[in-house]
Protein chains: 2
Amino acid sequence: MTTPHRRFKDAIYEQLARLGKAVSAPKRLELLDLLCQGPRTVEALAEQAALSVANTSQHLQVLRGARLVDAEKKGLWVEYRIADDEVCRFFLALRGLAEARLAEVDQVTREYFDERGAMEAVEAGELMRRVKRGEVTVLDVRPPEEYRAGHIPGALSIPVGELKGRLKELPKHREVVAYCRGPYCVMAVEAVELLRKKGFTAHRMEEGVVDWRARGWRVEGGGAQP
Amino acid sequence: MTTPHRRFKDAIYEQLARLGKAVSAPKRLELLDLLCQGPRTVEALAEQAALSVANTSQHLQVLRGARLVDAEKKGLWVEYRIADDEVCRFFLALRGLAEARLAEVDQVTREYFDERGAMEAVEAGELMRRVKRGEVTVLDVRPPEEYRAGHIPGALSIPVGELKGRLKELPKHREVVAYCRGPYCVMAVEAVELLRKKGFTAHRMEEGVVDWRARGWRVEGGGAQP
DNA sequence: CAAGTATTCAACTGAGTGCTTGATTAGTCA
DNA sequence: TGACTAATCAAGCACTCAGTTGAATACTTG
C-alpha cells in the first residue's frame with residue numbers, strides 16, 4: 001500500500017541520496033578535493049590519492065554518475081574535472097560542517113601539525129588586506145598545473161619541491177605567505193619550515209584557492225576550458 | 001609503507017566521510033529534512049517517514065553518530081533535534097546541488113505536481129516584498145508543533161487537515177500564500193487546491209521556514225530549547 | 001600495421017548496510 | 001507494585017560496496 005505521495009517522497013530522497021552516496025567514501029572525497037584544485041587525468045589522481053588506477057577509475061565513475069564531475073577524452077588521456085563551481089562550494093560546506101561538528105577533525109589535524117612544529121596560520125581575510133597594502137609576497141607551492149588552473153592574484157608559483165633551489169626568486173626582507181591546496185595539505189607547511197630555516201619571515205595560509213574563490217574573491221588564470 | 005602524511009590524509013577524509021555516510025541513505029535524508037522543521041520523538045518521525053520504529057531509531061543513531069542531531073530523553077519519550085543550524089544549511093546545500101545537477105529531481109517533481117494540477121509558486125523574495133506591503137495573508141499549513149518551532153512572521157497557523165472547517169478565519173478578498181515544509185512537501189499544494197475551489201485567490205510558496213531562515217530572514221517562535 | 005599506453009570492464013571477495021523480528025531496557029501511571 | 005509504553009538492543013538476512021586482479025578497449029606513435 002504505497003500512495004503516490006509516498007512514492008514521490010521516496011523518489012526525491014533517493015535522488016538526494018545519490019549525492020550522499022557519492023561523498024560517503026573517504027577516497028571519493030579525496031578525489032573530489034583534488035579535482036577542486038583543477039582538472040586531472042585518472043593516472044594523476046590515482047597517484048595523488050594513493051589508489052590503484054582501476055579503483056580510481058571506478059570511483060570517478062561513481063562521482064560522474066552523481067553528476068559531480070565530468071570526463072573528457074583528450075587523446076590517450078581522460079581528463080576529469082569538477083562539473084560545476086557549486087560542487088566545490090558543496091565540498092567546502094561538507095568540510096566546514098565536519099570541522100564544526102566533529103571534534104576528531106580538529107584533534108587529528110592538531111596532532112599531525114603539532115609534531116611537525118606547529119605554526120600560526122594567516123587567515124585569508126587578513127592576507128587579503130596585507131596583499132592590498134603590498135606588504136607580503138604570496139607564494140603558491142602547488143604543482144604548476146594547479147597554479148595554472150587558478151591561483152590567488154599576484155601569487156608566485158614555486159612548487160614546494162623546487163623551492164630550495166629557487167629561493168633567490170623571493171625578495172629577502174619581506175614576509176612570505178605560502179599556501180597550497182587547503183587546510184589539510186602539507187605542502188605549505190613544508191615550505192614555511194624551509195623558508196624559516198633559511199632566514200625568511202614566513203607564514204602559511206590554511207585556505208586554498210577554492211576557499212578564496214568561494215568567498216567571491218577574484219582568482220587569476222584558469223577560466224573555463226583551457 | 002604508509003607515511004605519516006598518508007595516514008593523516010586518510011584520517012581526515014575518513015572523518016569527512018562520516019558526514020557523507022550519514023546522508024547517503026534516502027531515509028536518513030528524509031529524517032533530517034523533517035528534523036529541520038523542528039524537534040520530534042522517534043515515534044513521530046517513524047510515522048512521518050513511513051518507517052518502523054526500530055529502523056527509525058537505528059537511523060537516528062547513525063545521524064547522532066555523525067553529530068548531525070542530538071537526542072534528549074524527556075520522560076517516556078526521546079526527543080531528537082538538529083544539532084546546529086549549520087546542519088540545516090548543509091542539508092539545503094545538498095538539496096540545492098541535487099536540484100541544480102540532477103535532472104531527475106526536476107523531472108520527478110514536475111511529474112508529480114503536474115498530475116495534481118500544476119501551479120506557479122511564489123518565490124520567497126517576492127513573498128517577502130508583498131508581506132511588507134501588507135498585501136497578502138500568509139498561511140502556515142504544517143502541524144501546529146512545527147508552527148510553534150518556528151514560522152514566518154505574521155503567518156496564520158491552520159494545519160491543512162483543519163483548513164476546510166476554518167476557512168472563515170481567512171479574510172475573503174485578499175490573496176493567500178500558503179507554505180509548508182519545503183518544495184517537496186504537498187501540504188501547501190493541497191491547501192491551495194482547496195482554497196481555490198472555495199473561491200480564494202491562493203498561491204503556494206515552495207520555500208519553507210528552513211530556506212527562509214537560511215536567507216537570514218527573521219523567524220518567529222521557536223528559539224532555543226522550548 | 002604493430003607495439004605501446006591510459007583507461008575501462010568483468011568477475012570475485014570480504015566487509016558493511018538497511019531492514020525485520022523478537023527480546024530488553026527505562027520510564028510513567030494506576 | 002505491576003501493567004503499560006517508548007525506545008533501544010541483538011541477531012539474522014538479503015543486498016550493496018570498496019578494492020583486487022586480469023583481460024579488453026581505444027587511442028597514439030613508430
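Just the heavy atoms: all of them, side chains too, but no hydrogens, waters or symmetry mates, feed the values below. Within every chain, numbering begins at 1; the chains are lettered A, B, ... in the order of the sequence lines, protein sequences first and strands thereafter.
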B/L51 atom CG is separated from C/dT21 atom P, nearest whole Å, by 13 Å
### Message
Tell me if a side-chain donor or acceptor on A/D211 pairs with a main-chain N or O of A/G208 at a distance below 3.5 Å.
### Response
yes
| Does any donor atom in the side chain of B/D70 or B/Y80 lie under 3.5 Å from an acceptor atom in the other side chain? | no
Check your understanding: Side-chain N or O of A/H59 less than 4.0 angstrom from OP1 or OP2 on D/dC17?
Key -> no
For nucleotides 14-17 of chain C, which of its nitrogen or oxygen atoms have a protein nitrogen or oxygen under 3.5 Å away, and what is each distance?
none

*asked:* Check this for me: does any side-chain nitrogen of one of B/E146 and B/R40 sit under 4.0 Å from a carboxylate oxygen of the other?
replied: yes
Would you check if the distance from the ring center of A/Y184 to the ring center of B/Y13 is below 6.0 Å?
no
Whole-Å distance, A/E72 CD to D/dC27 C1', equals 15 Å
When the ring planes of A/W217 and A/W212 are compared, do they come out parallel, tilted or perpendicular, using 30° and 60° as the limits?
perpendicular
Using 4.0 Å as the upper bound for N to carboxylate O, is an ion pair formed by B/D10 and A/K27? yes
Rounded to whole Å, the CD-P distance (A/E30 to D/dG19) equals 11 Å
message = Do B/R18 and B/Q15 pair up side chain to side chain, a donor and an acceptor below 3.5 Å, judged on atom types alone?
response = yes
Separation of D/dT20 atom C1' from A/K27 atom NZ, nearest Å, is 15 Å
query: Would one find a side-chain N or O of A/S52 under 4.0 angstrom from OP1 or OP2 of D/dG19?
result: no
The contact string for nucleotides 3-12 of chain C, one letter per nucleotide 5' to 3', using protein heavy atoms under 4.0 Å with B, S and - for base, sugar-phosphate only and none, comes out as --BSSBBB--
Have A/R28 and A/Q58 got a donor and an acceptor in their side chains that come within less than 3.5 Å?
-> no
